[in-house]
Amino acid sequence: MAEVSRALRRMAADSAGIAQAVRLLRDGALVVLPTETVYGLAADAANRAAVAAIFAAKGRPGHNPLIVHVADLAMAERYAVLSPLARRLAGAFWPGPLTLVLPRRPEAPLAPEVAAGLPTLALRAPAHPAMRAVIARLGRGVAAPSANRSGSLSPTRAEHVRDLDVPLILDAGPAAAGVESTIVKVEADTAVLLRPGALPVEDIERLVGAPLGTPGAAIEAPGMLHRHYAPRKPLRLNARSAGCDEFLIGFGAIAGDLNLSPAADLAEAAAGLFHALHVAEASGAEAIAVAPVPAHGLGLAINDRLKRAAAAAPLRRCAP
């Protein structure tokens, strides 16, 4: 594995940084790369040792599959079988924040660990220019879950990346979308929503021409664990005011200590969600409260992340 001095640990996502990231990936190293959703912990998806290193670095359960990031439809075809509906979805929303879970080709030139033993693969063509440049230069898929310890807050800025010993972080500033991709499983002419995300479900349903199906209990894609995306402090939802020693994340007319969007704009709120949770986690408050956010459009993704983050949160003696 290539050695990189700590002085180079963070580089701008420019041509020099991209070239260094590609060199490290080819050598089997892990690097942190920006995407339009969140920052990802990236490995060459064909390298078994590198993919195994992702699971080890994150403390990620082996049954939780990884998303393989591809350049385009042609690269996706190397790895999975795309039905006409899958092609329509990719044609409409790639590059962008849509992950498609598709039947895996038996001969797919990928480390088998990315699929976590499933007969499917999660594929996405990202829109971020730095990530696209890395994939194009590498010439094959890049496995890249969020660059954090499993279950903790997702990083939407380079400075959010903590507790990972990697030789390189490419810094491209704040992620534009701020929440992970929407994940849809496609089998023939059926589409099932596995995880709401940065692409509104309503946009997908307009193209499909029908409501998306609902998943079963099995883990078929990232982001389906009951507790996920969680801060280290207790989290209370649908709060209209701060309780004792709580940091209140506001929305709309509820100002709070930090407001996701005073104008109640869901895109703005999604873009700032994880950063607000990072700020609240670093504050001196003992707990975090979040104001109600409407559960439509991008609000579906926001509420999904918050509910999973609050699941099994420790009880507090101090009542709000």
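We count residues from 1, following the sequence as given. All heavy atoms count here, side chains included; hydrogens, waters and symmetry mates do not.
Formation of a donor-acceptor pair under 3.5 Å by the R48 side chain with backbone atoms of P112 is not found in this model. The backbone N or O of A289 lies less than 3.5 Å from no partner atom in the side chain of E246, so there is not a single donor-acceptor pair. A donor-acceptor pair under 3.5 Å links the side-chain atoms of S83 to the main chain of A188, judged by distance alone. Side-chain atoms of R88 come within 3.5 Å of backbone atoms of L207 as a donor-acceptor pair (strictly under, hydrogens ignored). Of the possible polar contacts, one joining the E202 side chain to the G297 backbone as a donor-acceptor pair under 3.5 Å is found. Within the 3.5 Å criterion, the main-chain N or O of E281 finds no donor-acceptor partner in the side chain of R232. When atom types are taken as modelled, the side chain of Y79 and the backbone of G141 share a donor-acceptor pair closer than 3.5 angstrom. A donor-acceptor pair is defined here as one N or O able to donate and one able to accept, closer than 3.5 Å; such a pair exists between the side chain of R132 and the backbone of P126. Of the possible polar contacts, one joining the R149 side chain to the A57 backbone as a donor-acceptor pair under 3.5 Å is found. Checked by atom type and distance alone, the side chain of D189 never pairs as donor or acceptor with a backbone atom of L85 at under 3.5 Å.
Applying the side chain to side chain contact (heavy atoms under 4.5 Å, CB included) test to P294 and every residue at least two apart in sequence or in another chain returns F251, L266, H296. For A172, the side chain to side chain contact (heavy atoms under 4.5 Å, CB included) partners are A13, P34, Y39, H128, not counting sequence neighbours.
Cluster annotation: V101 and I219 are assigned to the same hydrophobic cluster (Ile/Leu/Val/Met/Phe/Trp/Tyr, side-chain heavy-atom contacts under 4.5 Å, transitive). Under a hydrophobic-cluster definition in which Ile, Leu, Val, Met, Phe, Trp and Tyr are linked whenever side-chain heavy atoms come within less than 4.5 Å, directly or via other members, I254 and L306 are assigned to different clusters. Cluster annotation: L237 is connected to L277 through the hydrophobic network of ILVMFWY side chains, with a link wherever side-chain heavy atoms come within less than 4.5 Å. No single ILVMFWY cluster, assembled from side-chain heavy atoms under 4.5 Å apart, contains both I54 and V38. In the hydrophobic cluster analysis, where Ile, Leu, Val, Met, Phe, Trp and Tyr join through side-chain heavy atoms closer than 4.5 angstrom, V184 is grouped apart from V81.
From L273, atom CG reaches atom CD of E268 across 12.5 Å, with rounding to the nearest 0.5 Å. Rounding to the nearest 0.5 angstrom, the gap separating the CG atom in D171 from the CZ atom in R157 is 10.5 Å. If you take OG on S283 and CG on L248, they are separated by 11.0 Å, rounding to the nearest 0.5 Å. From D44, atom CG reaches atom CG of L24 across 12.0 Å, with rounding to the nearest 0.5 Å.
Smallest separation of non-hydrogen atoms from A147 and G40: CB-C, 3.8 Å. Contact record, N303 with A295: ND2-CA, 3.7 Å, taken as the closest heavy-atom pair. Nearest heavy atoms, A198 versus V179: CB-O, 3.7 Å. Between A133 and I18, the shortest heavy-atom contact is CB-CD1, 3.9 Å. Closest approach of N64 and F55 over heavy atoms only: O-CE2, 3.5 Å. Shown here for A287 and K233, the closest heavy-atom pair between the two residues is CA-CB, 4.3 Å.
For the side-chain contact (heavy atoms from CB on, under 4.5 Å) with V32, the lone residue among N148, L170, L41 that qualifies is L41.
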Kindly determine whether W94 and L123 satisfy side chain to side chain contact (heavy atoms under 4.5 Å, CB included), including the steps that lead there.
CA-CA 11 Å; W94 281 4; L123 300 178; 4.3 Å; yes
Could you walk me through whether T120 and E187 pass the side chain to side chain contact (heavy atoms under 4.5 Å, CB included) check?
CA-CA 10 Å; T120 53; E187 289 182 314; 5.6 Å; no
Please walk me through it: do T37 and R124 pass side chain to side chain contact (heavy atoms under 4.5 Å, CB included)?
CA-CA 12 Å; T37 57; R124 179 166 95 86; 3.4 Å; yes
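Annotation: R240, atom CZ; neighbour count of heavy atoms from other residues, nucleotides and ligands within 6.0 Å does not exceed 12.
Salt-bridge annotation for D27 and R23: absent, with no side-chain N of the basic residue lying under 4.0 Å from a carboxylate O of the acidic one. A salt bridge does not link E113 to R60: none of the charged side-chain nitrogens sits closer than 4.0 Å to a carboxylate oxygen.
Counting only residues at least two apart or on different chains, the side-chain hydrogen bond (donor to acceptor under 3.5 Å, both in side chains) pairs with a member in residues 176-186 are T99-S181, S154-E180, E180-R305, S181-R195, K185-E220.
When side chains are defined from C-beta on, V68 does not count as touching L66, because their heavy atoms never get closer than 4.5 Å.
Using the six-membered ring where Trp is involved, H160 and H278 have ring planes that are parallel, under 30° apart on the 30 and 60° scheme.
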